[in-house]
Number of protein chains: 2
Amino acid sequence: MATLRDVAREAGVSVATASRAINGLGNVTAPTKAAVMAAVKKLNFVPHSGARSLTRRKTDTVGVILPDLFGEFFSEIIRGIDLVAHESGMHLLLGNMHGSTHETAAAIAAMRGRVDGLLVMPPDLKPELLADYLDPALPTVLLNYDAGSLDLPFVAVDNYHGAYAMTEALLARGARQVVHIAGPKHNRDARDRQRGFADAMAKIAKISNPAILPGDFSEESGVKAAQLLVQGQLPADAVFAANDQMAVGLIAGLAEAGKSVPGDVMVAGFDDIPLARHLNPSLSTMQVHIDRLGSTAMMMLLRILRGETLGGASATILTPTLVARGTTGGAAIPAAVAAAGALPT
Amino acid sequence: MATLRDVAREAGVSVATASRAINGLGNVTAPTKAAVMAAVKKLNFVPHSGARSLTRRKTDTVGVILPDLFGEFFSEIIRGIDLVAHESGMHLLLGNMHGSTHETAAAIAAMRGRVDGLLVMPPDLKPELLADYLDPALPTVLLNYDAGSLDLPFVAVDNYHGAYAMTEALLARGARQVVHIAGPKHNRDARDRQRGFADAMAKIAKISNPAILPGDFSEESGVKAAQLLVQGQLPADAVFAANDQMAVGLIAGLAEAGKSVPGDVMVAGFDDIPLARHLNPSLSTMQVHIDRLGSTAMMMLLRILRGETLGGASATILTPTLVARGTTGGAAIPAAVAAAGALPT
DNA sequence: CGTCATACCGTAACCGGTTACACGAGCAAA
DNA sequence: TTTGCTCGTGTAACCGGTTACGGTATGACG
């Protein structure tokens, strides 16, 4: 592979001149520039971005560290990030913590010297630990994580009020005995959603100990919850799953047991994954623009990198909106219309 | 940020010794190693991977260049790649060609000096162009692309025989007038699938000019196809969409027009995206293990990087398998059972 | 005690670019 | 002619690591 010195020699100039010519930094005569460019073509020289970023102290890359890569949730986030990263000519270096705390540290450390900033989503990590791992000198934006004590910028979803609103809606539809299927115990999103549910039940329905079934955000755990519900003879006229994935499993499990939705029991989820509107009946859920989670975080990071100060905007809370569909007996928008984009569902 | 020289100074040794101690390359006394480690802790030094890869001429990173990041297809590929990359301690640098040829060149060029190898998926690029962009010295594996004249290793899906098999299955179910919804004209996958369909119709049903509706792999184009079908009074007892996404739109459109599936018309797709089994009725389709597309490509690349020779295995063809579900009146496996993983659907 | 192998360690040259600074040429003003 | 600028270019010092090579001290051995 040709290096800059090769090009310089070929063009009969110094490396400095070659560099200037290639980067168009002025101060180069037209003929010499042409000579350099000819040499570039001839040797088909491609600049070595690694070396480049070493001196420039800029990599034009941001590191993205996610807990996992499974499912639409993460792919939507990545897409959102890429959307705005691409506009600014930034690249994405993917890190995956694969659920383990130890790997998280490794993933962050491996980013040193490869990225200009970091986008981290640590859904089940204690803030203190996170602070240890992160390099204070490296601009970092947290995804879906309220840093609390740390004063790192972040963008998060208002899980609490979302869950509250959904519970309220179920109650308004006439449900009395609403059961919640919780997410993983240590997961912050899950805990906030559960709190929102419990508070709504207490404040609105005056029920202080609503039934809560365990779950782990997976489809299987939704199926299991359905079985528990039916076999345990748990009285329920509505079930609110902490995410759509579980709601999908739940509905399948209920159908298996001969329960009809929403006839016998209403069902609601959270996230509005693409699948939700295609179910039959379609799934009522809290719509989160997952891609926006990624794109706004990336925009915040870009502004930090440009040296702007975020000021009050250092924390962005995305409010999910309620989408009433078939599983709560709501306005069931014909799938074809929704798919064609005629309605902003 | 502390550099290696800082550490060396702090520990009272030379940079060479510090480097050796940190990397555990022997030839360092236990006490001096301890001193270095202490300095590392004290300054909390994290090695600068950028600089490291410059001298090592190894980045421990592979570049992944995809045409887009939209939908489950790509996220599954990335997940598959990450799965095996992670095992070998490799990182992923994402490049996105955003559909444009010009961007493709830029994306590839930007990888120079940042990666040890490349995974490229250029579904609508001519081989000659691709050859121009690619650096022959950089190990590259093509995703879902038969390089033909270029002798680059690749892993691809046997779209032709998959489509042939699906068409055959529809005919075996008694369909006579099978309509195909094609994918984007310039897309190789789409063209191969269309060829498989046409050949099967000709050979098995002796129909040489089967009806083919235009599409672009999007859900909307499936809806449009349904409208064309109904309004155009096109006789059809089965519709074979070139991918699942379009099949989903198609089904919604048919339902809108009052057509029942599979009663009035059977429907089949291609890919087996996760959504497929959750539709009601569930979608018959050709199952492609999309994640394997990514993981096998990554494994091939790793072997090349390790200096092994691929030999005959330089081309891997993944054969899709037929999954008969509800939309062709096939064995409709209860969703709950399938979700629980009791059956390997 | 001299010789030599061995094990540790330091000096300095690299990897492939960028860029501060110096230098010479050309030209206008004094 | 001398001074002073500007403009184009070259020299060399970086960026932050790795590593070839050479030096020194130590112990074994004749």
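All of these numbers come straight from a predicted model, not from anything done at the bench. All chains are named by letter (A, B, ...) in the order of the sequence lines, taking the proteins before the strands, and each is independently numbered beginning at 1.
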>> Judged by each residue's nearest nucleotide on DNA chain D, which is more toward the 5′ side, B/Ala16 or B/His48?
In response: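 Per heavy-atom nearest nucleotide, the more 5' residue is B/His48.
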For atom [atom1] of [X] and atom [atom2] of [N], their distance in whole Å:
| X | N | atom1 | atom2 | value |
| --- | --- | --- | --- | --- |
| A/Arg5 | C/dA13 | CZ | P | 14 Å |
| A/Lys58 | C/dG17 | NZ | P | 18 Å |
| A/Asp60 | C/dT18 | CG | P | 12 Å |
| B/Arg112 | C/dC15 | CZ | P | 13 Å |
| B/Met1 | D/dG16 | CE | P | 11 Å |
| B/Leu43 | D/dG17 | CG | P | 12 Å |
| B/Leu25 | D/dC21 | CG | P | 17 Å |

> In Å, rounded to the nearest 0.5 Å, how long is the span from CZ of A/Phe154 to CE of A/Met300?
Replying inline: 8.0 Å
> Which value, rounded to the nearest 0.5 Å, describes the distance between A/Phe45 atom CZ and A/Glu10 atom CD?
Replying inline: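 Those atoms lie 13.0 Å apart.
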Phosphate OP1/OP2 of [N]: any [X] side-chain N/O under 4.0 Å:
| X | N | answer |
| --- | --- | --- |
| B/Thr29 | C/dC8 | no |
| A/Thr32 | D/dT9 | yes |
| B/Ser49 | D/dG17 | no |
| B/Asn27 | C/dC9 | no |
| B/Ser14 | C/dG10 | yes |

> Does the base of D/dG10 carry an N or O that pairs as donor and acceptor with the side chain of A/Arg20 under 3.5 Å?
Replying inline: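 Pair found.
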> When only distance counts, do a donor and an acceptor, one from the side chain of B/Arg52 and one from the base of D/dG16, lie under 3.5 Å apart?
Replying inline: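 When only heavy-atom distances are counted, B/Arg52 does not reach the base of D/dG16 through any donor-acceptor pair under 3.5 Å.
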Looking only at the side chain of [X] (C-beta and beyond, no hydrogens), which of the listed nucleotides [options] gets closest?
| X | options | answer |
| --- | --- | --- |
| B/Leu54 | D/dT18, D/dG10, D/dG16 | D/dG16 |
| A/Ala51 | D/dG16, C/dG16, D/dT9 | C/dG16 |
| A/Leu4 | C/dT18, D/dG16, D/dG10 | C/dT18 |

> Considering all heavy atoms of both residues, which atom of A/Pro139 and which atom of A/Leu305 are nearest to each other, and what is their separation?
Replying inline: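 Distance-wise, the nearest heavy atoms are CG-CD2, 3.8 Å.
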>> Both B/Arg56 and B/Gly12 contact DNA chain C. Taking the nearest nucleotide for each, which residue is further toward the 5' end?
In response: B/Gly12
> Nearest nucleotide by nearest heavy atom, which residue falls closer to the 5' end of DNA chain C, B/Thr55 or B/Val15?
Replying inline: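 Here B/Val15 is the residue nearer the 5' end.
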> Is the closest side-chain donor-acceptor distance between B/Arg52 and B/Asn23 under 3.5 Å?
Replying inline: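 Yes - a donor-acceptor pair under 3.5 Å links their side chains.
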What nucleic acid atoms does [X] come within less than 4.0 Å of, heavy atoms only: base, sugar-phosphate, or nothing?
| X | answer |
| --- | --- |
| A/Val28 | sugar-phosphate |
| B/Arg57 | sugar-phosphate |
| B/Ser19 | base |

> Between B/Asp189 and B/Arg191, is the closest basic N to carboxylate O distance under 4.0 Å?
Replying inline: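 Not counted as a salt bridge, because no side-chain N and carboxylate O are separated by less than 4.0 Å.
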>> Test your reading of the model: is there a side-chain donor-acceptor pair from A/Thr296 to the backbone of A/Arg292, 3.5 Å cut-off?
In response: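 Judged by distance alone, yes, a pair lies under 3.5 Å.
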